[in-house]
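This report refers to the structure that appears directly beneath it.
When a ligand or atom number is given, it counts from 1 through the structure's own listing order. We're numbering straight along the sequence, starting at 1.
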Amino acid sequence: MKSVFIEKPGTIALQDVPRPAAKPGEVLIEVKASGICGTDIHIFRGEYLGSYPVVPGHEFSGIVREVGEGVTRVALGDRVAVEPNIACDNCPACLSNRQNFCANWNGVGVTLPGGMAQFAVAPERAVFSIGSLPFTSGAFMEPLSCVLHGVQRTGFTLADRVLIIGAGPIGILLLKSILLEGASHITSVDKVASRRALAEASGAAATAGSLEGLPAEGFDVVVDATGVPALMERTISLVRPGGRVLLFGVPPGGSRISLDAFAIFRKGLTLLSSYTSVRNSIQAVRLLEAGKIDVSSLVSHELPLSDLGRGISLIEAGTEGVLKVMIRPDL
Ligand SMILES: [Zn+2]
Ligand SMILES: [Zn+2]
């Protein structure tokens with residue numbers, strides 16, 4: 001089969017390798033769609049947890065082609081997506097329902113071979129049926145799971161007025177999820193015009209190209225979906241007294257932010273972050289299947305495996321119109 005390896009930071013190669021087999025408890029999946037995520041780019045640049053060489057791709061869907069001994073919940077031919085975070089279920093974090101902080105964590109596409117290949121294996125417990133969803137939508141199960149985890153941690157209230165900074169794929173998934181929580185108003189901020197248009201089409205009541213001119217203390221909840229330290233710092237002045245701030249975007253490793261400590265005290269703010277997800281895959285698939293969250297407008301490119309490097313460059317360049325780039329190994 002064909003498989004893309006990040007051999008070491010900065011080096012990508014398409015290789016012919018033997019097709020893996022499903023060992024007991026595992027499922028072999030023919031990959032149909034595999035989204036490129038910011039995390040893949042961090043792994044490509046050597047900025048994240050990846051162990052090299054690695055087959056990247058942790059947001060993927062496909063068809064079950066082989067089931068290992070003992071597999072009971074999925075069957076040959078099932079259309080599925082993969083939850084890439086593999087927790088041990090036997091460390092203090094896992095036993096306290098904090099599987100996202102598992103001491104023995106492995107990640108499909110991070111420390112284990114991922115979905116940027118024609119076939120991938122995953123443990124049965126990481127595999128979820130996507131019914132008749134398009135494969136490119138099923139591949140959103142993982143990023144949507146992370147978004148739902150953040151939304152639940154924040155605890156929205158009916159009729160909240162919300163500011164979301166960033167209208168890339170994650171910003172839009174946040175927008176759609178927060179609308180489902182009953183927000184009465186969402187302002188979406190992005191410097192890219194096409195992204196602002198998409199935010200409007202996705203239900204934002206207002207958009208802006210920058211934070212200048214937004215009402216101070218104008219929002220019940222402010223969400224940063226950029227991870228840009230200079231923008232994260234601005235959240236404190238935009239949220240109302242007693243409000244909540246969700247720092248969702250992934251900042252560069254080692255970066256620092258400077259916050260107005262007295263304002264945080266005086267305003268009685270709740271500051272939240274969110275790391276991956278905890279048992280949100282079924283929720284994500286249900287919302288996708290029910291059409292409550294439609295991700296079709298988020299896929300800007302569908303490229304063959306050999307174009308993974310080009311896909312990464314498109315995202316890195318931040319070219320107008322680039323949203324989620326899907327790799328389709330069958331192209
Ligand atoms: Zn991801
Ligand atoms: Zn664990």
Between [X] and [Y], does any side-chain N to carboxylate O distance fall below 4.0 Å?
X: R234; Y: E212; value: yes
X: D220; Y: R244; value: no
X: E217; Y: K267; value: yes
X: K324; Y: E59; value: yes

Problem set entry | Identified side chain to side chain donor-acceptor pair (under 3.5 Å) counterpart of E30 within the set Q118, R65, R19 |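 Checked Q118, R65, R19 against E30; only one passes side chain to side chain donor-acceptor pair (under 3.5 Å): R65.
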Do you see a donor-acceptor pair shorter than 3.5 Å between the side chains of [X] and [Y]?
X: Q15; Y: S3; result: no
X: D224; Y: T235; result: no
X: S258; Y: E233; result: no

Exercise. Does NZ or CZ of R98 lie under 6.0 Å from the centre of the six-membered ring of Y275, at an angle within 45° of the ring axis?
Worked result: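 Checked: cation-pi criterion not met.
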Exercise. Tally of protein N/O/S atoms under 2.8 Å from the Zn ion (ligand 1)?
Worked result: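 The number of such protein atoms is 3.
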For this session: Can you list, by chain and residue number, the protein N, O or S atoms under 2.8 Å from the Zn ion (ligand 2)?
Result: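 Near the Zn ion (ligand 2), the protein supplies C88 SG, C91 SG, C94 SG, C102 SG.
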